[in-house]
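Note: hydrogens, waters and symmetry copies are ignored here, and every other heavy atom, side chains too, is used.
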Amino acid sequence: MSKHFLWAAALAIAAIPVTAVPAMAQAAQSSSYQADRADILGMAGNYKVRFDMRESTPWRADYTPIEPKISGGHESVRVIEDSGRKISLQHLLVVDMGDGKPMVIKHWRQDWEYEPARILVYSGPDSWTWRTTTEAERKGKWSQTVYQVDDSPRYGGLGAWTTVAGLRRWESDGTWRPLARRDAVRGPVYDRYYSVNRHQLSPGGWVHWQDNIKMGEFDDRLQPVVQEYVLNTYDKFDGYNVKAADDYWAATRGYWAAIRAEWDRIASAKGGIRITEAAEAGTVIASRLLEIADDIQKGKTSEAEGIKTARALMDQATRAAGQ
């Protein structure tokens, strides 16, 4: 490289006004922020879903990995909040019952928040607590908090959207998670996961990849039991009763908005959330909260009465963090 070239480059850099440097950095950050938002919003739509779950490496000599489990279905993902720095995506599972009457199951929800000051994380059986983040830790990053079918918390993690090998993806930090129903109903020797989650758009939709270390308590300390890899594939597809999902949400969204607000109130007032987990439904009140939503849709109860009943149930079932 010639001295003339280096001298010209130095002059060019020196010619940039000092005040322009922060503006350039801000513009680059804004561009990245908008790209992040586009990827998150790109997960909304109608999909054929495939769930592929495989235990692989046992970390204990006395454990034998179970057979792979593959399932699937149809799912509608809807944007239910977009305030710029926060985006909320609600998943609605549509099940064909074979009688011409599809069943809609309010499935999981994912909330994304840009540079969050704190994250609600799983901290052990029946417990979710707040984890504060430093300014340096959260800079340019998004949290993803996942909620169960009754809008109670499931897990939360922090990560950045980056480009790797020409592909954009979000990858979480190490995240504690309670057992999924597929494992909880079996009563396994492990009782939680330590996970890394990745979300990535694809030409036909998007993928959610999980790297799970299944953990159990042995000799009074947590130890790894087995490695599991999960690949959830969402392929764009409109060939199912999409209207059923949208009709359900139109009839119950006011009720579920009140439920989300009540969980937020409880988490703030009680320093987190403590509620008994249930293998079949996530929490001991999940089935009842879902039943109330069904009754509202069918006209068996009013939205106001349903909200009143649900709030009382939630307050009675939860305890302050640390209790």
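The closest donor-acceptor contact from the side chain of Ser172 to the backbone of Asn197 lies under 3.5 Å. Panel note: side chain Thr175, backbone Asp173; a donor-acceptor pair is recorded below 3.5 Å. Formation of a donor-acceptor pair under 3.5 Å by the Lys270 side chain with backbone atoms of Thr318 is found in this model. Side-chain atoms of Trp128 never come within 3.5 Å of backbone atoms of Gly272 as a donor-acceptor pair (strictly under, hydrogens ignored). With hydrogens and angles disregarded, no donor-acceptor distance shorter than 3.5 Å links the side chain of Thr163 to the backbone of Leu167.
Under the 30°/60° scheme for interplanar angles, the aromatic rings of Tyr240 and Phe237 are found to lie parallel.
Between Trp176 and Tyr194, the gap from one ring centroid to the other is short of 6.0 Å. Taking the six-membered ring where the residue is Trp, the centroids of Trp112 and His199 are separated by under 6.0 Å. A centroid separation of 6.0 Å or more is found between the aromatic rings of Tyr47 and His74.
Residues Asn232 and Gln210 are in side-chain contact: their nearest non-hydrogen atoms beyond the backbone lie under 4.5 Å apart.
Put simply, NE2 on His208 and CD on Gln110 are 8.0 Å apart, with the number rounded to the nearest 0.5 Å.
In this structure, the salt bridge (charged side-chain N to carboxylate O under 4.0 Å, His left out) partners of Glu137, at least two apart in sequence or on a different chain, are Arg131. Take Asp247 and apply the salt bridge (charged side-chain N to carboxylate O under 4.0 Å, His left out) test, not counting sequence neighbours, and it matches Lys243. His107 meets the ring pair (Phe, Tyr, Trp, His ring centres under 6.0 Å) test with no other residue; sequence neighbours excluded.
Nearest heavy atom pair, residue Val121 against residue Gly156, reads CG1-O, 3.8 Å. Among all heavy-atom pairs drawn from Glu277 and Tyr122, the shortest one is OE2-OH, 2.8 Å.
Within the cation-pi definition used here (under 6.0 Å to the ring centroid, within 45° of the axis), Arg60 qualifies as a partner of Phe218. Within the cation-pi definition used here (under 6.0 Å to the ring centroid, within 45° of the axis), Arg54 does not qualify as a partner of Tyr229.
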Note to self: Pair Glu171, Arg198 - check salt bridge (Lys or Arg N to Asp or Glu O under 4.0 Å), show working.
What the structure shows: CA-CA 4 Å; Glu171 187 170 300; Arg198 182 188 298 159; 3.1 Å; yes
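The residues Asp39 and Arg168 are annotated as salt-bridged, a charged nitrogen and a carboxylate oxygen being separated by less than 4.0 angstrom.
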